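Chain identifiers are assigned alphabetically (A, B, ...) following the order of the sequence lines, protein sequences preceding nucleic acid strands; residue numbering begins at 1 within each chain. This is a predicted model, so every value here is computed, not measured.
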Amino acid sequence: MSDSNVRVRFAPSPTGPLHMGGVRTALYNYLFAKKLGGKFILRLEDTDQTRFVGGAEKYIIESLKWCGISPDEGVSVGGPHEPYRQSERKPMYRAYAEELIEKGLAYYAFDTSEELDAVRERAKQAGNANFQYNHITRNSMKNSLTLPAEEVQKRLESGEPYTIRIKLPRNEEVKFEDMVRGWVSVNTANMDDKILLKADGMPTYHLANIVDDHTMEITHVIRGEEWLPSAPLHVIMYQFFGWEAPTFAHLPLLLRPDGNGKLSKRDGDRLGFPVFPLNWNNEETGETASGYRERGFFADAFINMLAFLGWNPGDNRELFTLEELVEEFSISKVSKSGARFDFEKAKWYNQQYLRKFSDAELAEMLLPVLEEKGIAAPGSNTLERIVALVKERAVFVSDIYDEGSFLFSAPTEYDEKSVSKKWKGAESVEIVNDLIARYENEEFTASNLEASFKAYLNEKGVGFGQAGPVLRIAVVGTMTGPSIFEMMEVLGKEESLNRMRKTVQDLG
RNA sequence: GGCCCGUUCGUCUAGCGGUCCAGGACAUCGCCCUUUCACGGCGAAGAUCACGGGUUCGAAUCCCGUACGGGUCACCA
C-alpha cells in the first residue's frame, strides 16, 4: 500500500439505525481509500439535537465493525482531528460563518421559523409552489442586508435569535466534475440562500460539512445521490472560504424491489427482508427492525452483495471478499442509475459463501443455532457428518438444521402428503417389519444398507419406487432429504430401527 | 411545479464507434444426474439497447429533442 494523501469520510447522522444504503456508501468510501492507500474517517453529523437517537452511534460503529469496514480515524478510534462528533465541534463553526459575513458573503437573518412558514404559505397560495430565500426575496425579509446597521447591531446585542445565511451571487454558473456523473452544472439563480448557522448556534449540515471536510483534510467526498442538488452550494462555499474543494462522487440510490422510489427504512420487514445490517431495538420507542447479521448472513456475503449494487469489475466475476474488492474497486466503474435491490440475489451470495466453509467450520457455527432452538447437539463427529449431508441445500447456517431436523431428533409427525401418497397400510407395515428384521443383524454403513435393501427388493419382488419411500417415511417421516442410506448410517442402528418400529406402531 | 440526475433481458449488470441481429449472474422453464427433494451439469426463453431526430462509411456507444423514472427544493441530514 503506497503512501497517499487520499482521505475520505463516512459521515452519518445518528438519527436511527444505519440502513444498507448507508453501509454501501461507507463501503465505497472505504474501498476507494484503501485501494489508493488512503485513510477512511468516520465522523458523526449530529448537529440536529432534535433528531438525536440514543444508541444510534453505537449501532453505526458496530455495523461497520461487523462488515469489516474499520475507520482509520473517527468517533470510535480517535485521531489527529478530534473530536469527530460535530456536536463537540460546535464552538468552531460560528467563526467560519462570521468570516463569511465579514467578507460580505453571508448575512444575519432575523426571520423566525413562523414568519418563514407564513411567507411560504402565502407564496403557495399565490401559485408559487416553493418560496426561495434568494437574491430577490431576501430584499423583503428581515436581515442585515435590509435592516439599518444600528438596528442589526441592537438586535444582535439584545440576544434576539438569528441565523446566518449564505449570500449567493445572482446569476453565476456553478460547475464541478463528479467522479461518477461527469460535469454537473447549476446556475445560482436557481439556488437559495441556505442557512449556515442555526438560531441555536449549531451549524447546518452545509456549514459543518464543509468546515469539517476542509479541516479534516478530506480529499474526496463520496456520498449518496440525494446530496447532488446541494453539491453546487458546497462548491460555492469552498470558493467563498478560498479553500480547495474536494473531488465529489455522488452514488446512485438503492431502489425498493417493489414500486417506485428509494429503499427506505420502513421497506424492510414489510417486504420480508432486512434493510439494516444488524437488528435494531430502540428501547425508548420500542421500535425494532431486523438485520442481515441476525438473519443469518455472513458479513462477507452481505458486503459482496452490496458492492455489486451499483458496481462491478467489468467482467463476469461476482465473488469478492472485502480484500479482493479493495484490490479491484474503481469508482469509474460505479454506475449512474439506481439499483433495485433483490433479496433472492442476496441469498445466492450467502449460499456461495456458506459453501466455502468446511464441514467442521459449519458444524461449529451451527452449535449456537442449535442451542437457541433448544436442540441437544450430537457429538462433533456426528454433527460434521450431518453437515456434510445437508449443506448443499442450505443458504444460511440455520438451514442445515431446518433441512435436516430429522437427523437431530426423531420426527414428531409424518409428512401428510408423503404418507397419503406412498404409505399403503398393511403392505407398507410388512415392508418395514421385514427391513427391521433384516437390518438388525447388518452392519450399518450406507453401502451395506443399500445393497441389503436391494437384495430384499429382489427377494420380495418389490420395486424401489414402492419400498424406498416407505423406508424413508419410516426413518425420517417424509419423502425428501439426503440419501436414505447415508442418513441411516449417521443415525446408527439403534436409532434407525427404533424409528422404524415406532412408525409401524403409529401408522400401522 | 422549479432545478438537477438518470434510462441495455423481470432484476443486477457487461458494453466506453466496427469484434453485439448485444455477453454474464439472479429469478423462470426444460432436460440430465439422483429410483426422493435439493445441489450440480446442460439447455431454453427473455432486451426492436426508452422514443424521435441528427453526426458518421458505420451508433447501444457521440450530439440534440421528447417521453418516462428518480432525487431535491427545512433553522433534517
If we take the P atom in both B:rA38 and B:rU28, what is their distance in whole Å? 11 Å

Please report the distance, rounded to the nearest Å, between CD in A:Glu392 and P in B:rA38. 13 Å

Under 3.5 Å on both distances, the Watson-Crick or G-U partner of B:rC49: none

For B:rA44, the Watson-Crick or wobble partner whose two distances fall under 3.5 Å: B:rU28

With a non-hydrogen cut-off below 4.0 angstrom, is A:Ser185 in contact with a base, only sugar-phosphate, or nothing? sugar-phosphate

Which base sits across from B:rU7 as a Watson-Crick or G-U pair, both distances under 3.5 Å? B:rA67

B:rU72 and B:rA45, which share atom name C1', separated by this distance in whole Å: 41 Å

Taking the six-membered ring of A:Tyr28, is the NZ or CZ of A:Arg24 close enough (under 6.0 Å from the centre) and on axis enough (within 45°)? yes

More than 12 foreign heavy atoms under 6.0 Å from CD of A:Glu284: is that the case here? no

Enclosure of A:Lys424 NZ (heavy-atom neighbours >12, cutoff 6.0 Å): yes

Close N/O contacts between protein and nucleotides 22-25 of chain B (under 3.5 Å):
| residue | atom | partner | partner atom | Å |
| --- | --- | --- | --- | --- |
| B:rA25 | O4' | A:Glu318 | OE1 | 3.1 |
| B:rA25 | O2' | A:Glu318 | OE1 | 2.7 |
| B:rA25 | O2' | A:Glu318 | OE2 | 3.4 |
| B:rA25 | O2' | A:Lys345 | NZ | 2.7 |
| B:rA25 | N3 | A:Lys345 | NZ | 3.4 |

Give A:Gly224 one of three labels, base, sugar-phosphate or nothing, depending on what nucleic acid heavy atoms sit under 4.0 Å from its own. nothing

Assuming nearest nucleotide by heavy-atom distance, tell me which of A:Arg355 and A:Phe341 is located more 5' along RNA chain B. A:Phe341

How long is the line joining CD1 of A:Ile331 and C1' of B:rC16, in whole Å? 17 Å

Check: A:Phe276 and A:Met20 side chains under 4.5 Å, non-hydrogen atoms: no

Answer with base, sugar-phosphate or nothing: what part of the nucleic acid does A:Arg472 contact at a heavy-atom distance below 4.0 Å? base

Pairwise P distance for B:rC5 and B:rU19, with rounding to whole Å: 31 Å

Under 3.5 Å, which donor-acceptor pairs do the side chains of residues 449-464 of chain A form with other protein atoms, sequence neighbours left out?
| residue | atom | partner | partner atom | Å |
| --- | --- | --- | --- | --- |
| A:Glu450 | OE2 | A:Lys454 | NZ | 3.1 |
| A:Ser452 | OG | A:Arg438 | NE | 2.9 |
| A:Ser452 | OG | A:Glu442 | OE2 | 2.6 |
| A:Tyr456 | OH | A:Asp434 | OD2 | 2.7 |
| A:Glu459 | OE1 | A:Arg438 | NH1 | 3.2 |
| A:Glu459 | OE2 | A:Arg438 | NH1 | 3.4 |
| A:Glu459 | OE2 | A:Arg438 | NH2 | 3.3 |
| A:Lys460 | NZ | A:Glu430 | OE2 | 2.4 |
| A:Lys460 | NZ | A:Asp434 | OD2 | 3.4 |

Identify, with sequence neighbours excluded, every residue that meets salt bridge (Lys or Arg N to Asp or Glu O under 4.0 Å) alongside A:Glu115. A:Lys142

When rounded to the nearest Å, what value does the distance between P atoms of B:rC9 and B:rG24 take? 15 Å

Side chain to side chain donor-acceptor pair (under 3.5 Å) pairs touching residues 463-486 of chain A, sequence neighbours excluded, are A:Glu427-A:Gln466

Does some side-chain heavy atom of A:Val186 sit less than 4.5 Å from a side-chain heavy atom of A:Pro229? no

In this structure, how many angstroms lie between the P atom of B:rU13 and the CZ atom of A:Arg317, rounded? 18 Å

Quick one: on RNA chain B, does A:Val180 or A:Gln352 contact a more 5' nucleotide (nearest heavy atom)? A:Val180

Starting from the C-alpha separation in whole Å, work towards a yes-or-no answer on ring pair (Phe, Tyr, Trp, His ring centres under 6.0 Å) for A:Tyr162 and A:Tyr108. CA-CA 6 Å; A:Tyr162 65 88; A:Tyr108 296 108; 5.2 Å; yes

How would you label the contact of A:Phe308 with the nucleic acid (heavy atoms, under 4.0 Å): base, sugar-phosphate, or nothing? sugar-phosphate

Taking only residues two or more places apart in sequence, or in another chain, which ones meet A:Asp402 in a salt bridge (Lys or Arg N to Asp or Glu O under 4.0 Å)? A:Lys373

Without decimals, in angstroms, what is the distance between A:Asp258 CG and B:rG10 P? 18 Å

Expressed as a whole number of Å, how far does the C1' atom of B:rC51 sit from that of B:rA60? 14 Å

Decide salt bridge (Lys or Arg N to Asp or Glu O under 4.0 Å) for A:Lys90 and A:Glu88; before the verdict, give the C-alpha distance in whole Å, the side-chain angles of both, and the deciding distance to 0.1 Å. CA-CA 5 Å; A:Lys90 179 178 175 181; A:Glu88 293 170 12; over 6 Å; no

Does any residue of residues 479-489 of chain A have a heavy atom under 4.0 Å from RNA chain B, and if so, which ones, in number order? A:Met479, A:Thr480, A:Gly481, A:Pro482, A:Ser483

So, using salt bridge (Lys or Arg N to Asp or Glu O under 4.0 Å) as the criterion, who are the partners of A:Glu177 when residues are at least two apart? none

Distance-only donor-acceptor pairs under 3.5 Å for side chains of residues 332-339 of chain A, two or more places apart:
| residue | atom | partner | partner atom | Å |
| --- | --- | --- | --- | --- |
| A:Ser332 | OG | A:Ser330 | OG | 2.8 |
| A:Ser335 | OG | A:Gly310 | O | 3.4 |

Could you work out the separation of B:rC4 and B:rG65 based on their P atoms and round it to a whole Å? 12 Å

Listed by chain and number, what are the salt bridge (Lys or Arg N to Asp or Glu O under 4.0 Å) partners of A:Lys265, not counting sequence neighbours? none

Using atom names, set out every protein N or O paired with an N or O of nucleotides 46-48 of chain B below 3.5 Å, distance rounded to 0.1 Å.
none

Show your working on salt bridge (Lys or Arg N to Asp or Glu O under 4.0 Å) between A:Asp193 and A:Lys167 and close with a plain yes or no. CA-CA 6 Å; A:Asp193 291 350; A:Lys167 188 182 172 194; over 6 Å; no

In Watson-Crick or G-U wobble terms, both distances under 3.5 Å, what is the partner of B:rC73? B:rG1

Closer than 4.0 Å, any side-chain N/O of A:Asn312 to the OP1 or OP2 of B:rA14? yes

Walk along nucleotides 63-75 of chain B from 5' to 3' and tag each nucleotide B, S or - by protein heavy-atom contact under 4.0 Å, base first, then sugar-phosphate. -------SSSBSB

Less than 3.5 Å apart, which donor and acceptor atoms pair up between the side chains of residues 116-127 of chain A and the rest of the protein, not counting sequence neighbours?
| residue | atom | partner | partner atom | Å |
| --- | --- | --- | --- | --- |
| A:Glu121 | OE2 | A:Gln125 | NE2 | 3.1 |

How close or far is atom P of B:rA77 from atom NZ of A:Lys265, stated in whole angstroms? 14 Å

